[in-house]
K.L.:
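Structure in C-alpha cells, see below.
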Amino acid sequence: HVRRHFSVDYVSSDMGLRQQWEDHKLMFGVYMVGFLDLLAVAIIVPHMPKHLESLGASQTLIGFHGSLYGFLQLLSSPVVGKLSDFYGRRRLLLTVLFLCSFSYFLFSLTDNLWVFFLFRIPSGLLKHSLSLGRACVADVSSEKDRSGRLGLYNAISSMGFVIGPALGGNLMATAGGFKFAVTITSVVFFLNFLLSWWLVHPDEHMTDGHHHTSADDSFSLRDSLTFLRSETWSRVSSVMLQRFVLSVSQIMLRSNFTLFLEHKFNAGPQLRGYIMSFSGVVSFVSSLTTGRITRLYSDESKLMFQGVLLMVISQVVLNFAPHISIFILFLIPLSFGSSVLRVITVQMCLRRVSPKEKGEVMGMGQSTLALARLVGPQLAGLAMEHSTDLPGTLGIGFGAVAAGLVYKHTLNRVERMKTD
C-alpha cells in the first residue's frame, strides 16, 4: 500500500513538473515571437524612408509607401484574426512567419522604386505575427495576470527595437547596406518560424481551431471584411476610436522619424539608429512596469487619460526641441505613455468580449492600427513637403483630440456608475 501510494505521488509529481515545463516553454516561445518579430522589422523599417529617398521618392511618395502598408494591413487584419480563431493561433503564426521571411527577402532583389512598392504588398498582407503572439498571451492568461503578461510581452518585444535600429543604422552606413539589412531581416523571420515550430504548441486554453463544430462557427471571409457591422465591434468601438486617433498622432511623429532627425539635427544613420534603440530601451523598461501600474488604478479610463496627456506634452517638446539632447530626453515620457496605453486599450477591449472572440478582437485592433497607418504616413508625407515641424504639429492636434475622447469616455463612465 505504501509502495503504491509513493508510486502514485511520484507519477503525479512528475506530471506536474512536466506540465510546468510545457507552460514555461510555451510562454518563452510566445515572448520570443514578439522579440524576434520586432528585431526583424526594426533592422530595416526605420531606415526605409531614407532608402526610398535615395531611390528618388518624394516626401509624398514616401508617405504613400507607409499608407500602402496600412491599407494592406487594414484589409488582411480582420481576416487573419478570424482565421486564427477558426484554424488555430499556432497554424496561422507559423504560416505568416514563413511567408514574411520570403516577402522581406524580395526587397534585396531590386533598386527600382516602383518594383520596391510592388514588393511591399506581400509583407503588408502577411505581417501579423506580433498580434498573433499577443492573442496567444491573452488565450493562456487569466484576467488577473493578463495585463502583466501583455506588458511583459510588449517589454520583451521592445528589446528587439533596442537592438534592431542600431544594427540597421550601422549597416545602412556601409555600401550596399540596405540589401544586407533586408537579407538579415529575412533570416530573422525564418529563425522565428523555426523557434515557434519547436516551442509554441497549443495549450488547453489556446485557440487551436478544433472547437468549431457548428455551422454558425464556420469561417466567413465576408463576415471578416465587414466586421464594422458585427456585434463584437459595437462593444469595443469606443475604445478602438480612441486607439485610432492616438495611433495617427504617434504615426505622424514616427513615420518620418529618421528624416526629421536628419533634416532638423543633421543626424547621420548611426546616430539615428542609436536614438531609436534608446527609445526601445525606454519602452522595454516601461512595459515591465505596466502590470503593476494598472493594478494601482481601479478605473482604467483615468489611467488612459493621464497617459494620453503625458504623450501629448512630450510630443509638443519633441517637435519644437531646440537641441537633440532635449529631444532624446523627452523620448522617455513619450515611450512610457505609449507602452501603458498599448496594454490598457487591449485589456479594455478583451474585457468586453467572450474568450472565443479574442482573435477577432485582436484582428480588429490590428485593423484600427492599419487604418491609422493608412492615414498617418500620407498626411505626414504631404506635411513634410511644406515644413519639417508640420507633421509633428498635426500629430499634437490628433493627440489633443484623443485626450478629449478619453476624457468624454471617463465622464460617461462616471455618470453611469452614479446612475447604477
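In this chain, residues are counted from 1 in sequence order. Computation of the quantities below employed the complete heavy-atom set of this structure, encompassing side-chain atoms and omitting hydrogens, waters and symmetry-equivalent molecules.
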K.L.:
Is it the case that atom CZ in F105 sees more than 12 heavy atoms from other parts of the structure closer than 6.0 Å?
P.N.:
no

K.L.:
According to side chain to side chain contact (heavy atoms under 4.5 Å, CB included), who are the partners of S283, at least two apart in sequence or on a separate chain?
P.N.:
S158, S335, S339

K.L.:
Per the side-chain hydrogen bond (donor to acceptor under 3.5 Å, both in side chains) rule, what does the pair list look like for residues 236-248, sequence neighbours excluded?
P.N.:
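Pairs touching residues 236-248 that pass the test: S238-R352.
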
K.L.:
Who are the side-chain hydrogen bond (donor to acceptor under 3.5 Å, both in side chains) partners of T185, not counting sequence neighbours?
P.N.:
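Here no residue qualifies.
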
K.L.:
For a side chain to side chain contact (heavy atoms under 4.5 Å, CB included) with P391, tell me which candidate from M384, R254, H386 qualifies.
P.N.:
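Of all the options given, the one that passes is M384.
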
K.L.:
My understanding is that only residues two or more places apart in sequence, or in another chain, count here; which of them pass ring-ring contact (aromatic ring centres under 6.0 Å, His included) with F178?
P.N.:
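ring-ring contact (aromatic ring centres under 6.0 Å, His included) check on F178 returns H51, F116.
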
K.L.:
Output all residues satisfying side chain to side chain contact (heavy atoms under 4.5 Å, CB included) with L374, sequence neighbours left out; order by chain, then residue number.
P.N.:
S67, F71, L74, L371

K.L.:
Ignoring hydrogens, what is the shortest heavy-atom contact between G124 and S76? Give both atom names and the distance.
P.N.:
O-OG, 3.8 Å

K.L.:
From L93 CG over to S129 OG, what is the distance, rounded to the nearest 0.5 angstrom?
P.N.:
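It is 6.5 Å, given to the nearest 0.5 Å.
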
K.L.:
Against F193, only a single residue in F102, F98, W198 fulfils ring pair (Phe, Tyr, Trp, His ring centres under 6.0 Å); can you say which?
P.N.:
F98

K.L.:
Under 4.5 Å between any side-chain heavy atoms of L61 and F117, yes or no?
P.N.:
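They are in contact (side-chain heavy atoms under 4.5 Å apart), so the answer is yes.
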
K.L.:
For P269 and A173, work out which heavy atoms get closest and say how close.
P.N.:
CG-CB, 4.1 Å

K.L.:
May I have all residue pairs that pass salt bridge (Lys or Arg N to Asp or Glu O under 4.0 Å) and include part of residues 172-198, sequence neighbours excluded?
P.N.:
D111-K179

K.L.:
Going by salt bridge (charged side-chain N to carboxylate O under 4.0 Å, His left out), name the residues that satisfy it together with E53, two or more places apart in sequence or in a different chain.
P.N.:
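Listed in chain order: K50.
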
K.L.:
What residues, two or more places apart in sequence or in another chain, satisfy side chain to side chain contact (heavy atoms under 4.5 Å, CB included) together with L318?
P.N.:
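Side chain to side chain contact (heavy atoms under 4.5 Å, CB included) list for L318, sorted by chain: L253, F327, F330, L331, L334.
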
K.L.:
Under the ring-ring contact (aromatic ring centres under 6.0 Å, His included) test, which residues partner F189, sequence neighbours left out?
P.N.:
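Only Y104 meet the ring-ring contact (aromatic ring centres under 6.0 Å, His included) criterion with F189.
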
K.L.:
Can you name the closest pair of heavy atoms from G56 and L113 and give their distance?
P.N.:
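Closest approach of G56 to L113: C-CD2, 4.5 Å.
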
K.L.:
Is any side-chain heavy atom of M252 closer than 4.5 Å to a side-chain heavy atom of Q315?
P.N.:
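No. Closest side-chain heavy atoms not under 4.5 Å.
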
K.L.:
Provide the closest heavy-atom pair for A267 versus L271 in the form atom of the first, atom of the second, distance.
P.N.:
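Minimum heavy-atom separation between A267 and L271: CB-CD2, 3.8 Å.
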
K.L.:
Between the main-chain N or O of Y153 and the side-chain N or O of R134, is there a donor-acceptor pair closer than 3.5 Å?
P.N.:
no

K.L.:
Of all residues at least two apart in sequence or in a different chain, which pass the side-chain hydrogen bond (donor to acceptor under 3.5 Å, both in side chains) check with T174?
P.N.:
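For T174, no residue satisfies side-chain hydrogen bond (donor to acceptor under 3.5 Å, both in side chains) once neighbours in sequence are set aside.
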
K.L.:
If we only count heavy atoms from C-beta on, is the M172 to R272 side-chain gap below 4.5 Å?
P.N.:
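No - every pair of side-chain heavy atoms lies 4.5 Å or more apart.
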
K.L.:
Got a second to check how far L382's CG is from I62's CD1, nearest 0.5 Å?
P.N.:
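Between atom CG of L382 and atom CD1 of I62 there are 12.0 Å.
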
K.L.:
I need the minimum non-hydrogen distance between L130 and S157, along with the two atoms involved.
P.N.:
CD1-OG, 3.9 Å

K.L.:
Is it the case that over 12 heavy atoms from other parts of the model lie below 6.0 angstrom from the CZ atom of F180?
P.N.:
no

K.L.:
Which is it for L369 and Q73 under the side-chain contact (heavy atoms from CB on, under 4.5 Å) test, yes or no, and what are the steps along the way?
P.N.:
CA-CA 8 Å; L369 182 58; Q73 288 272 293; over 6 Å; no

K.L.:
Should we say atom NZ of K302 is surrounded by more than 12 heavy atoms from elsewhere, each under 6.0 Å from it?
P.N.:
no

K.L.:
With ring-ring contact (aromatic ring centres under 6.0 Å, His included) as the rule and sequence neighbours excluded, what pairs involving residues 304-324 come up?
P.N.:
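Of all non-adjacent pairs touching residues 304-324, those that pass ring-ring contact (aromatic ring centres under 6.0 Å, His included) are F305-Y407.
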
K.L.:
Sequence neighbours left out, what passes side-chain hydrogen bond (donor to acceptor under 3.5 Å, both in side chains) with H47? Give chain and number order.
P.N.:
none

K.L.:
Would you mind telling me which of V30, T95, V80 makes a side chain to side chain contact (heavy atoms under 4.5 Å, CB included) with L132?
P.N.:
V80

K.L.:
Which heavy atom of G392 sits nearest a heavy atom of N319, and at what distance?
P.N.:
CA-OD1, 3.2 Å

